[in-house]
Structure formats: C-alpha cells, structure tokens
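Numbering of residues begins at 1 and proceeds along the displayed sequence. Whatever order the structure lists ligands and atoms in, that order sets their numbers, starting from 1.
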Amino acid sequence: MTREATPNVDLALFGALGDLALRKLYPALYHLDRDGLLGTDTRILGLARREHDADSFRSAVLATLKKRIKGKELEQACLDRFLARLDYTQLDFDTVDGYEKIRDWHGQSPDSQCPLTIYLAVPASIYGAICANLERSGSLDSESRVVVEKPIGYDLESSHEINDAIGAVFPESRIYRMDHYLGKETVQNLIALRFANPMFGNQWNQSQISHVEITVAEQVGIEGRWGYFDKAGQLRDMVQNHLLQLLTMLAMDPPANLDADAIRDEKVKVLKALKPLEGEDLNRHVVRGQYVAGTMEGESVPGYLDEEDANTSSTTETFVAMRLEVANWRWAGVPFYLRTGKRMPEKLSQIVIHFRQQPHYIFDPDQRNLAANKLVIRLQPEEGIALQVLTKDGGLDKGMRLRPGPLHLDFNHAFPKERIPDAYERLLLEVMKGQQYLFVRRDEVEYAWKWVDQLIAGWEKRDIPPRRYPAGSWGPVASIAMITQDGRSWYEDY
Ligand code: BG6
C-alpha cells in the first residue's frame with residue numbers, strides 16, 4: 001500500500017525558544033522529516049521575543065536535536081534538510097506591529113494551497129491577544145488553523161474566556177487543542193482494542209467489569225516550575241485533562257464511525273455522566289497529597305515545600321487519588337479508581353480493567369481472590385497490553401492450583417523494527433492532515449472543568465489539607481485505605 005503524502009503546511013511557532021518547543025516540538029518535527037512524513041514544501045517559522053537571526057535560531061534548534069536525539073537517528077542529510085525549513089522572526093506578541101511578517105512569510109510559500117498553521121507554545125493567557133493580532137494583521141485566511149496547548153484556563157470561567165477569544169478568530173473545525181496523552185500509541189490502541197475485538201467489545205460494561213484503575217505516576221518533582229505548578233496542583237495539571245481524557249476513551253460508547261465529532265460526541269457524554277464528588281464523598285473517595293523529603297533510587301530528594309522558589313506554607317496537592325463513578329447504563333456501579341502524583345517510585349502510566357469473577361467458583365478457596373481476568377494497558381514505559389488469565393500450575397504435585405499469567409502484547413517486542421513515535425509526532429502529523437479526532441473539543445474542556453471546579457469548591461469549603469507522603473513512595477497511606485475500604489487493592493505488578 002502506498003503511503004499518502006502529508007500535505008504541506010506553513011507552521012508559525014509562537015514560543016519558538018521555549019521549553020516545549022525545544023524539548024518536544026523540534027525533535028518530533030525532525031523525526032517526521034526523517035520518516036518522510038513532512039510535506040516537501042513544509043516550512044517552519046520560529047517566533048519569539050528574543051533577538052535572533054535565522055542562522056542563530058537554526059543553531060539553537062540543532063543544539064537541542066543533538067542533545068535529544070542519539071545514534072543513527074541523527075542523520076546529517078536529514079538534519080540539513082530539516083534546518084533548511086526553518087526561519088525566524090523576532091516578535092513582541094502583544095502588539096500587532098510585526099505580525100505582517102507572518103503574512104509576508106506565508107505569502108512566499110512555494111505551495112499556494114498550504115495552510116498557515118499557528119502553534120501557540122505560550123501561556124494560555126496570551127492566546128486571545130495573539131489570535132486577535134493575527135487577524136488584524138491580515139495573516140489568516142479561511143484555511144488557517146491554530147494549535148493550542150493545555151491548560152486551557154484555570155477553571156470553567158477562565159476557560160470560557162480563552163475559548164471565546166480563540167473562537168472569535170478561528171472556527172472550532174480549525175482549532176486543535178492538544179492533550180499529548182491522546183497521541184500516545186497505547187491510547188489509540190484502546191480504540192482498536194475495544195472496537196475491533198468483539199471479545200472485548202462485548203464485555204465492556206458493568207455486567208462483566210468490576211472496576212477500573214488508572215495510574216499516572218511520575219518520578220519527577222516540580223523541576224523549576226514551582227510558580228506555575230503551585231497555582232494549579234495535580235488535579236488541574238493532570239486530572240482535568242490527561243486522566244479524564246483516558247477515562248473518556250475507556251468509558252465512551254462505540255462511536256458510529258471514526259470521525260472526529262462522532263468520537264468526541266461520545267467522550268462528552270461520559271464527562272456529562274461523571275458523578276460529582278461532594279459532601280462526605282470528598283473525605284471517603286478523594287485523597288489529596290503533598291510530598292515531603294524522601295529517597296528516590298538511593299538519592300535524597302527535597303520535599304515540595306523545600307523546592308526552589310517554594311512558598312513554605314503552600315497547601316497545593318502534588319498527588320490525588322479518587323474513586324469516580326460514571327452514572328450511565330453501561331457503567332452503573334463500576335468504580336473508576338484514579339491516582340496520579342509527582343515523586344513516585346517509578347514513571348508509570350497504566351490502566352487496569354478488572355473483570356468480574358465467575359458466578360460459581362470450584363477451585364481452592366484460598367485462591368478465590370485470584371480468580372478473575374485483568375487487562376493491563378501500559379502507556380509508559382514499555383507500551384503494551386497484557387491480558388492476565390488463569391491456567392493450571394504445572395507439575396504433578398500441584399493438583400488444580402491456579403496460576404495467573406499474562407498473554408502479552410509488548411509493542412517493542414511485537415513490532416521490533418518500528419520505533420514507537422512520541423505523542424507529539426503523531427499529533428503534529430494529524431494537524432498537518434487536518435484530522436481532529438485526537439484533539440479535544442471545546443465542550444470536552446468545559447465539562448471537564450465543570451466537574452473539577454465543583455470538586456475544588458468542596459475542598460475549599462471543607463478546608464481539606466493535603467496529606468504528606470515521602471518522595472519515592474506511592475502516595476499517602478490514605479490512598480491505599482481508600483481502595484481497601486471497597487475490599488480491593490491497587491494493582492501491583494510494576
Ligand atoms: C504535563 C504536565 O501536561 O504532563 C506535567 O503539565 C507532567 O506536570 C507531564 O509532568 C507528564 O507527561 P508525560 O508524557 O511525561 O507523562
């Protein structure tokens with residue numbers, strides 16, 4: 001099968017020297033180029049406030065590529081081709097003066113059909129001003145697109161303002177709201193797994209599934225982002241977007257087709273069906289945590305309040321665990337246990353689907369708790385899917401003892417020649433193709449905020465402080481008690 005060529009785009013990148021661009025965007029674009037997935041005439045215009053000319057900008061990009069891409073993937077011919085696509089313009093984002101340079105640059109594209117694609121790798125507070133200036137300067141046309149990063153706001157109200165400001169210039173069909181978790185290989189595999197395999201499709205409901213776990217654990221702490229993070233906290237930074245997005249992909253009903261809106265309509269229904277966490281549930285079903293000094297891989301690490309720039313009286317959470325319910329026909333009575341935190345012992349993102357036990361059990365009563373299937377969907381590290389099944393333990397002396405073992409699909413081993421692309425590669429490629437199904441629609445962002453806002457209001461009203469947990473642990477003991485009170489435990493096969 002021949003691969004369809006990726007359409008050309010003119011990518012104007014705001015925040016061209018920022019952390020996101022250097023760490024994620026240039027490496028992703030380089031990899032796309034190397035894999036033959038950038039249109040021949042695709043060009044990239046870096047925009048930032050700093051003085052640079054095209055050559056010194058290219059040197060900065062080259063330095064980041066050399067730092068982040070190793071071995072044979074860094075090919076001179078490809079580097080030359082990629083760097084030749086780059087140009088740079090110094091710009092004060094707040095005033096319209098200078099924006100005409102974007103219009104003029106786009107006017108010089110060798111492909112008159114290629115859309116101007118604006119990438120806003122800058123804080124959301126200036127999305128509105130940039131969009132308005134782009135419009136005022138006459139840089140946009142009916143094909144121009146915009147890509148924006150999370151967090152879209154701080155709560156429902158601020159997200160409305162930001163979405164309104166973007167929406168005043170771009171129609172929803174040309175707004176690409178990034179959630180990089182949607183670009184992870186295994187997340188898309190969820191769609192294939194659920195909707196291409198009748199074996200799972202038919203079981204995906206409350207009659208067969210007893211509960212679901214979603215863990216997104218990070219080893220990193222705050223890494224120089226204290227000021228930003230302290231205003232947000234783990235609930236806004238991770239749950240409002242990444243974890244709720246994973247939840248919607250897991251819990252949505254089958255879409256009628258793979259069109260962006262068919263999928264997003266189903267995801268929104270899940271967000272609307274999320275039961276609010278309020279009243280006594282805030283104590284029983286939610287745990288907030290904040291890390292204190294501890295040890296990670298043999299090294300002492302400081303607590304959250306001892307990090308650089310810290311305000312030592314902060315009560316911001318760096319960990320959250322919660323028990324959610326999706327109140328609809330498919331999921332009634334099935335708890336979804338979510339947990340995410342900084343400074344955990346491992347970097348691990350994983351979903352575990354626990355299937356119900358057989359209605360009648362005939363084996364060793366001591367093994368009763370073992371006797372259920374689990375589907376473990378690993379996002380990182382080592383992307384893969386494992387179905388845990390029970391077989392008879394081998395050997396003459398074992399009788400009918402059961403042994404759990406995985407039927408394992410490890411993407412690295414199953415497809416050894418294929419490099420697993422970074423989430424940003426896939427998402428950038430989808431933007432270039434003009435496909436929106438992996439991007440978050442406005443109503444998704446807003447329903448997620450609505451749900452998070454009521455939870456935060458409850459915390460504030462009840463003045464619930466975070467519980468301490470040592471860096472390098474799996475979070476406050478209360479997060480273990482939260483699931484144990486339901487007679488369950490967090491899946492532990494790391
Ligand atoms: C970002 C958060 O969206 O996701 C960070 O702002 C977090 O705080 C990061 O560290 C985690 O992404 P990943 O892909 O490393 O799991």
With a distance cut-off below 6.0 Å to the six-membered ring centre and an angular limit of 45° from the axis, does Arg343 pair with Tyr304 as a cation-pi contact?
no
Residues with a heavy atom under 4.0 Å from ligand 1, by chain and number, are Lys150, His180, Tyr181, Lys184, Glu218, Arg225, Asp237, Met238, His242, Lys342, Lys347, Gln380
May I ask you to establish whether Arg145 and Phe170 are in a cation-pi arrangement, using a distance under 6.0 Å from NZ or CZ to the six-membered ring centre and at most 45° from the ring axis?
no
Margin query: Whether Arg330 engages the ring of Trp204 as a cation-pi pair (distance to the six-membered ring centre under 6.0 angstrom, angle to the ring normal within 45°) should be assessed.
Written below: no
Contacts of Tyr181 meeting ring pair (Phe, Tyr, Trp, His ring centres under 6.0 Å) (sequence neighbours excluded), chain-then-number -> His242
**Message:** Using 30° and 60° as the class boundaries, would you call the ring planes of His211 and Tyr337 parallel, tilted or perpendicular?
**Reply:** perpendicular
Q) Relative to each other, are the rings of Tyr26 and Phe57 parallel, tilted or perpendicular (30° and 60° limits)? A) perpendicular
